[in-house]
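One structure is given below, encoded as structure tokens.
Small disclaimer: the values here were computed from a predicted structure and weren't measured. Every chain is numbered from 1 and lettered A, B, ... according to where its sequence line falls, protein lines coming before strand lines.
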Amino acid sequence: MLQIAGHRFRSRLFLGTGKFPSAQILKEAILASGTEMITVALRRVDLHDPADDIMGVIDREKYVFLPNTSGARDANEAVRLARLARAAGGGNWLKLEVTPDPRTLLPDPVETLKATEELVKDGFHVLPYMNADPILALKLQDAGAAAVMPLGAPIGTNLGVTTALQVGIIIEQARVPVVVDAGLGAPSHAALAMEMGADAVLVNTAISVAGDPVRMARAFAQAVEAGRTAFEAGLGARKTQASASSPETGLDFIRS
Amino acid sequence: MLQIAGHRFRSRLFLGTGKFPSAQILKEAILASGTEMITVALRRVDLHDPADDIMGVIDREKYVFLPNTSGARDANEAVRLARLARAAGGGNWLKLEVTPDPRTLLPDPVETLKATEELVKDGFHVLPYMNADPILALKLQDAGAAAVMPLGAPIGTNLGVTTALQVGIIIEQARVPVVVDAGLGAPSHAALAMEMGADAVLVNTAISVAGDPVRMARAFAQAVEAGRTAFEAGLGARKTQASASSPETGLDFIRS
Amino acid sequence: MLQIAGHRFRSRLFLGTGKFPSAQILKEAILASGTEMITVALRRVDLHDPADDIMGVIDREKYVFLPNTSGARDANEAVRLARLARAAGGGNWLKLEVTPDPRTLLPDPVETLKATEELVKDGFHVLPYMNADPILALKLQDAGAAAVMPLGAPIGTNLGVTTALQVGIIIEQARVPVVVDAGLGAPSHAALAMEMGADAVLVNTAISVAGDPVRMARAFAQAVEAGRTAFEAGLGARKTQASASSPETGLDFIRS
Amino acid sequence: MLQIAGHRFRSRLFLGTGKFPSAQILKEAILASGTEMITVALRRVDLHDPADDIMGVIDREKYVFLPNTSGARDANEAVRLARLARAAGGGNWLKLEVTPDPRTLLPDPVETLKATEELVKDGFHVLPYMNADPILALKLQDAGAAAVMPLGAPIGTNLGVTTALQVGIIIEQARVPVVVDAGLGAPSHAALAMEMGADAVLVNTAISVAGDPVRMARAFAQAVEAGRTAFEAGLGARKTQASASSPETGLDFIRS
Amino acid sequence: MHITINGEAQEISSPKLLIELVRDLGLNPETVVAEHNGRIVPRPEYDTLALTAGDSLELIRFVGGG
Amino acid sequence: MHITINGEAQEISSPKLLIELVRDLGLNPETVVAEHNGRIVPRPEYDTLALTAGDSLELIRFVGGG
Amino acid sequence: MHITINGEAQEISSPKLLIELVRDLGLNPETVVAEHNGRIVPRPEYDTLALTAGDSLELIRFVGGG
Amino acid sequence: MHITINGEAQEISSPKLLIELVRDLGLNPETVVAEHNGRIVPRPEYDTLALTAGDSLELIRFVGGG
């Protein structure tokens with residue numbers, strides 16, 4: 001069973017909570033996804049809408065709560081957000097995001113490594129969001145990251161595992177769990193990541209912006225299980241030449 | 001629910017029975033797959049192994065039985081095999097395969113159309129295996145095919161839906177069910193086909209040659225459901241630009 | 001050197017003449033492309049614009065003139081257009097196009113084969129535009145086609161060789177030249193087709209709708225040569241593992 | 001015209017000199033490639049083969065000489081190699097390679113940035129080999145890199161521009177030239193990189209291990225020009241729907 | 001007299017030879033092929049074929065195409 | 001007598017009904033289809049069809065296939 | 001008195017404890033974290049921390065994010 | 001005397017200038033760079049630098065690489 005920082009997860013689908021049409025749909029999507037790990041962001045209270053409180057939706061006890069540092073542009077901002085998250089009752093789990101450029105939302109390898117080192121010292125279970133860079137993955141692992149989260153494609157693009165080659169190398173080398181994050185836009189993308197041997201996937205946009213987020217959450221849950229089962233069951237090799245699935249002999253009698 | 005020739009199918013995974021390690025594993029894989037449609041081939045009895053009888057494994061009543069014409073090299077041979085299949089108790093369902101070249105096992109568009117016309121007249125429910133040719137799909141449909149079965153990749157290659165562009169056009173135009181057949185090598189491939197709007201997929205090699213065919217059968221079953229659910233729930237659009245999953249405002253206070 | 005119907009071609013780039021911004025630009029693009037084979041269509045004279053005559057632009061003697069049957073929806077229409085083309089001074093060369101559906105412009109395999117047989121009897125050098133269907137390619141070759149022209153992608157899409165797997169099989173099997181036609185949208189696509197072993201490519205839209213059609217014609221000419229040269233020079237194998245291009249020994253002295 | 005560190009290059013193909021079958025073939029390939037920028041590595045003299053001296057092959061005056069730091073596993077080793085290269089008469093140009101893992105030969109983002117900062121201070125024109133990481137590219141540029149060299153695929157794999165999505169973002173953002181390096185295995189790959197807007201490509205393995213390295217060098221030279229010309233001439237847009245290249249009207253008279 | 005040219009009814013003076021009509025229309029006989037009442041007209045006949053009322057004529061030529 | 005079964009010449013005792021032969025071969029008549037001298041034999045006839053010397057018989061059944 | 005809350009100047013009656021302000025704003029103290037003049041306020045202190053004029057206060061909480 | 005060249009112990013006659021050694025080894029001084037006891041030797045010094053017993057010398061040059 002998947003273990004991160006000593007915690008066991010039955011579900012290998014981690015769920016982001018952004019951009020859902022309503023709190024009710026988010027609530028149902030969480031259930032439908034079967035997830036045990038939920039990401040949230042930290043933001044200023046909107047004083048004009050004090051009642052809009054996500055903690056009313058999520059049963060803090062039933063899920064591992066994974067605050068992210070989305071919005072942080074360097075290590076300092078990320079560390080500050082991490083500490084606020086902990087003070088806000090977020091616990092020690094942290095999805096580390098350091099994205100200097102709001103246009104691409106791509107992670108900064110140097111600042112991400114720096115923040116990882118600092119937050120690990122500070123007792124956090126750090127899951128860094130990272131470019132699909134195999135050497136960086138080794139460095140983050142050595143720095144004490146609880147898992148590494150290479151991106152499949154830029155956040156919110158739904159393009160799938162465009163980084164398959166690099167992700168494959170990361171999986172092959174990693175001694176900590178590999179969670180493919182960002183860009184997974186369809187259940188087939190999640191299944192592919194799992195078939196490649198990823199330990200889990202994190203999905204948000206593809207579910208929250210779906211026509212029916214609750215059913216889409218269920219679809220991803222099934223796909224993640226399918227992909228993992230296939231990985232464990234052992235996929236057949238790809239071939240360039242056709243090979244018959246029916247017997248090749250025993251038909252002389254029909255030859256015209 | 002999927003309907004072909006008036007018959008309703010709860011499962012959208014059709015299963016081929018070739019190349020399984022043992023009758024027992026085939027039996028369990030059929031159950032694990034949840035399939036309701038099973039393909040078989042027709043061959044001379046091996047007089048030296050009379051006991052090897054697949055009908056001992058498959059409960060004829062519980063499944064729609066879909067004999068194929070694998071091995072047929074032209075329309076005549078296919079029609080002859082189809083009639084033998086019916087005489088053998090195969091019923092009226094038929095997976096039409098006309099593959100003149102044993103090396104590529106690719107279907108012959110002209111002979112396939114000819115055999116479809118003849119067998120439809122003869123009362124068969126014809127499901128022709130075909131190249132991913134949108135115009136041919138319309139012709140087969142007009143000829144009375146109960147469904148069309150475009151290939152994803154050559155038989156047994158496990159390469160997936162290499163014909164996605166053409167299959168997409170076939171699905172868009174078809175008035176009969178579209179079953180993606182051949183080349184699907186992983187659950188993610190099956191999920192992709194279903195996400196594109198295929199009505200079902202037919203899988204054999206990827207399951208029978210897997211390390212653990214029974215678990216792989218379950219994996220494909222889940223992936224097919226995942227893909228179909230996603231198709232119905234409505235996938236989000238692909239984007240070339242990143243878009244944040246977390247709110248983009250409310251962080252001024254952390255700016256260093 | 002490439003030979004089709006006994007004619008030798010130094011250039012492996014065939015050029016379509018549709019959709020150019022002006023006759024002058026077409027004229028210059030033809031020169032820049034270095035092509036020796038030019039396709040044209042046949043249409044009713046526009047009585048309101050009698051001067052618009054492409055034959056004023058193309059020196060009939062310097063190029064092999066390849067009228068197409070674009071617009072034909074079945075074999076009869078194609079044959080009729082072919083004969084009109086010959087009567088119009090088009091000679092015996094013919095690009096056979098039978099596209100029943102103006103929305104997809106995809107070729108009809110059955111009618112294309114039928115028209116090929118008839119036109120070959122009638123003394124035409126038939127180059128049929130076809131779906132990337134390896135079995136159909138063999139049938140067209142057997143019917144006397146001077147070359148086969150599998151599509152890379154639907155006409156005008158610029159998507160490239162989306163049918164690479166099938167085109168590869170066609171090339172491997174063909175005894176007549178294989179010309180990849182339709183959908184080639186960039187020089188890299190043309191180079192890829194040639195690297196795969198195609199004998200030539202036919203390009204129109206990618207050049208005529210380019211920002212600068214004349215320079216784009218030159219770019220395609222270079223790419224076709226590059227791809228062909230690479231095919232003949234022998235491409236290195238693809239590897240999944242890295243291998244150093246610099247020596248792996250002789251550095252002990254720098255180890256920190 | 002391409003400018004790097006104030007130097008103008010007519011050719012956008014940079015050539016690596018590793019793994020050529022012979023000095024003579026290397027010499028001819030350099031000429032055939034038309035390159036003006038040549039990479040070399042630095043190694044201990046083999047005392048048992050003192051005559052094997054590449055400087056006998058390359059006319060030091062005719063080419064920009066780009067020593068690499070291949071073999072360096074961290075910033076210190078890279079800096080030491082850089083200084084030796086300069087002392088050896090390599091001049092100020094440097095291809096910075098920091099690859100801690102000889103198995104993947106993938107670059108270390110942190111050490112590469114560190115070495116870039118140090119070597120820029122030391123007066124080198126630094127061209128860092130890097131993972132296709134857009135944020136890292138900005139950092140290297142800010143650190144004074146003369147150009148950035150994102151990888152297309154791992155060294156020596158011939159897999160092409162597998163990092164197209166990221167390379168596209170790097171090109172869009174860069175204020176210094178972008179040179180796609182590593183993994184380009186065919187002229188079509190080089191053409192693609194140039195069509196995307198890359199300023200140049202560096203090729204070694206695909207040429208040196210080709211069946212005929214000299215002809216392959218010529219093929220890459222043509223492909224690079226083709227891709228650049230296409231980029232400047234303006235490629236047509238990709239479409240998902242077909243659009244006719246021949247006129248859609250003027251055929252009523254042939255309708256059967 | 002009335003004849004139909006490329007699907008459009010036209011009034012032309014008679015008598016009229018095909019070659020004359022083609023020239024009247026400003027077309028180059030070398031690059032135009034004519035279908036006269038459904039029959040392809042060999043170019044040599046252009047000079048002698050006389051059009052008569054009610055004829056249906058198709059004048060076709062090459063245009064840019066791919 | 002000699003007959004040909006699935007392409008192989010076989011010596012069998014006569015008289016012999018098709019149903020007997022099928023059973024002798026250890027086959028299940030319910031899952032085997034017979035082609036007798038090129039004609040498909042309806043299952044009901046198995047019990048009555050008598051084989052004669054020189055007959056050509058094909059015994060076919062379903063096998064695993066995709 | 002004036003204090004700054006989430007960057008906006010606000011007029012509040014004094015004396016005022018942090019816990020009171022949070023309640024006045026209709027917020028749940030359990031799910032809100034406060035930064036008081038740049039220092040994170042441990043939740044136990046909410047009941048005793050008295051706001052004074054010119055204070056700068058950040059009230060932060062979790063929101064949906066991926 | 002003994003010195004170490006490129007990691008290998010070597011016996012050479014003394015006295016010996018660096019330039020002499022390079023030539024003895026059949027190398028071109030123009031294309032070889034020397035590290036003498038860890039210090040890069042500027043080319044002008046080749047003619048004057050005298051090797052002494054126990055020296056460690058690295059002789060390096062360019063090779064094909066990508």
Of the listed B:Leu84, B:Asn204, B:Leu202, B:Val203, the one with the largest count of heavy-atom pairs under 4.5 Å with chain F is B:Leu84
Quiz item: Do the side chains of F:Leu51 and F:Met1 get nearer than 4.5 Å, heavy atoms only?
Solution: yes
Next on the checklist: Using modelled atom types and a 3.5 Å cut-off, is there a donor and acceptor pairing between side-chain atoms of B:Thr69 and backbone atoms of B:Glu97?
Outcome noted: yes
| task | Could you check if a side-chain atom of B:Met37 sits within less than 4.5 angstrom of a side-chain atom of B:Trp93, using non-hydrogen atoms only? | result | yes
Checked B:Gly156, B:Ser208, B:Ala85 vs chain F; the most non-hydrogen pairs under 4.5 Å come from B:Ala85
Correct closest heavy-atom pair for B:Pro213 and B:Ala29 would be O-CB, 4.2 Å
Take the angle between the ring planes of B:Phe65 and F:Phe62 and call it parallel below 30°, perpendicular above 60°, tilted in between. perpendicular
What I'd like to find out is whether the side chain of B:Ile4 reaches to under 4.5 Å of the side chain of B:Phe14, using heavy atoms alone. yes
Within residues 39-47 of chain F, the residues sitting under 4.5 Å from chain B by heavy atom, in sequence order, are F:Ile40, F:Arg43
Most contact-rich option vs chain F, by heavy-atom pairs under 4.5 angstrom, among B:Lys19, B:Arg43, B:Arg60, is B:Arg43
When the 4.5 angstrom heavy-atom criterion is applied to F:Val63 and chain B, the contacting part is both
*asked:* Can you confirm whether F:Ile3 sits close enough to F:His36 that some side-chain heavy atom of one is under 4.5 Å from a side-chain heavy atom of the other?
replied: no
Heavy-atom donor-acceptor pair, B:Asn158 side chain to B:Gly183 backbone, under 3.5 Å: no
